[in-house]
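For this chain, numbers begin at 1 and follow the sequence in order.
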Amino acid sequence: MTPVPRQLHDALPRFAARDRILVALDFDGTLSPFVDDPQAAAPLPGSVQALRELAAIPGVFIGYISGRPVADLSRRVQPPDGAMFVGSHGAEIDLGAGKTAWIALDDAEAAELADLRADLARELAEVPGIRLEDKPAGVVVHFRQAADAHGGLAVDAARRVHVRHPRAKMTDGHQVVEFALRHASKGDGIAVLRDHVRPDALLFVGDDTTDEDGFAVLGPDDVSVKVGGGESLAQFRVGTPQDVESLLSDLLTLRREVDRCSVTGR
Ligand SMILES: O=P(O)(O)OC[C@H]1O[C@H](O[C@H]2O[C@H](CO)[C@@H](O)[C@H](O)[C@H]2O)[C@H](O)[C@@H](O)[C@@H]1O
């Protein structure tokens, strides 16, 4: 684990000292390092442990916010009790205690998705190393395992398909192009979590283009952290999911101290 950058290190104690804090995390590229097979992605153990221990401290709430469907995300993150989930980039919500919003496509949307998927499969049939991932309201073209030139061909093919299916939202990600028939965003998801928890401050950590919608809805008391390079609205930046482990471990130490002082009155 590497130490968290100086400015973020200075901001964490203020965040940790607020009464109610919401710790919200993206999954792929943030809690989990990227891997070739999306089904093999797993959170780093230090982050899993820190989140479990944070969740057990009064006033701390944990939320996972991902492009993955909630059913996949909630199995994969090894969550603490009481954790909340935003999946499919904001289109699915699980706040626990039956407070859920699932995607149920109507017949026209289901037919559109089936057409879109078939169109992609046809266009990509001759491109080696491409994998399609199905989601409740969309489909993802993965080219992490393709040669660079083939990745370029896959992106071109995806753009051609998009012209024929303009109702779908197309988003570029890390070695993926994603199509979705429901146009929610991680900003929408964060708004739902905020409304539910009513925290004094919120920390959101993410690495991808879709996480920018989350950073965009944060306020002056909140803390935003981008993982990796590229343009970002986030206030702070770390390099890797291993750095996120360090960040969560530091936050745990700080919040334990806040809790200890509130119990002993010192
Ligand atoms: O919002 P996230 O939790 O960051 O999810 C975004 C997409 O992540 C997954 O794809 C990414 O991770 C894969 C596994 O490491 C990697 O192979 C791929 O190249 C990455 O783009 C996931 O498969 C998608 O469904 C998510 O939308």
Between [Y] and [X], is there a salt bridge with N-O shorter than 4.0 Å?
| X | Y | answer |
| --- | --- | --- |
| Arg160 | Asp156 | no |
| Asp211 | Lys186 | yes |
| Asp188 | Arg182 | no |
| Glu178 | Lys135 | yes |
| Arg131 | Asp37 | yes |

Item to check | Closest heavy-atom pair and its distance - Ala137, Leu113 | outcome: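 Minimum heavy-atom separation between Ala137 and Leu113: C-CD2, 4.1 Å.
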Go through the side-chain N and O atoms of [X] and [Y] and say whether any donor and acceptor fall under 3.5 Å apart.
| X | Y | result |
| --- | --- | --- |
| Arg237 | Gln7 | no |
| Glu245 | Ser47 | no |
| Glu133 | His142 | yes |

Do [X] and [Y] touch side chain to side chain, with heavy atoms closer than 4.5 Å?
| X | Y | answer |
| --- | --- | --- |
| His183 | His89 | no |
| Val140 | Leu132 | no |
| Val139 | Leu116 | yes |
| Leu8 | Val225 | yes |
| Asp26 | Val205 | no |

Are more than 12 heavy atoms from other residues, nucleotides or ligands located less than 6.0 Å from atom [atom1] of [X]?
| X | atom1 | result |
| --- | --- | --- |
| Gln39 | CD | yes |
| Arg164 | CZ | yes |
| His162 | NE2 | yes |
| Asp106 | CG | yes |

Next on the checklist: Test side chain to side chain donor-acceptor pair (under 3.5 Å) on His165 and Asp119; report intermediate values, then the result.
Outcome noted: CA-CA 9 Å; His165 300 272; Asp119 204 351; 2.9 Å; yes
Checklist entry - Any chain of hydrophobic side-chain contacts (each under 4.5 Å) joining Met170 to Val161? => result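 Same hydrophobic cluster.
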Next on the checklist: Using the side chain to side chain contact (heavy atoms under 4.5 Å, CB included) definition, which of the options Val70, Leu51, Thr30 pairs with Tyr64?
Outcome noted: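 Result for side chain to side chain contact (heavy atoms under 4.5 Å, CB included) with Tyr64: Leu51.
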Checklist entry - side chain to side chain contact (heavy atoms under 4.5 Å, CB included) with Phe85: which of Thr100, Leu193, Ile62, Val77? => result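 It is Val77, the one option of Thr100, Leu193, Ile62, Val77 that forms the side chain to side chain contact (heavy atoms under 4.5 Å, CB included) with Phe85.
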Item to check | Six-ring centre of Phe27, Arg68 cation under 6.0 angstrom, axis tolerance 45° | outcome: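 No, Arg68 does not sit over the ring of Phe27.
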Item to check | Plane angle bin for Phe215 and Phe204 - parallel if under 30°, tilted between 30 and 60°, otherwise perpendicular | outcome: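 Tilted.
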Does the [X] side chain pair with the main chain of [Y], one donor and one acceptor, at a distance under 3.5 Å?
| X | Y | result |
| --- | --- | --- |
| Arg255 | Pro58 | yes |
| Ser224 | Ala234 | no |
| Arg20 | Val197 | yes |
| Ser88 | Ala91 | no |

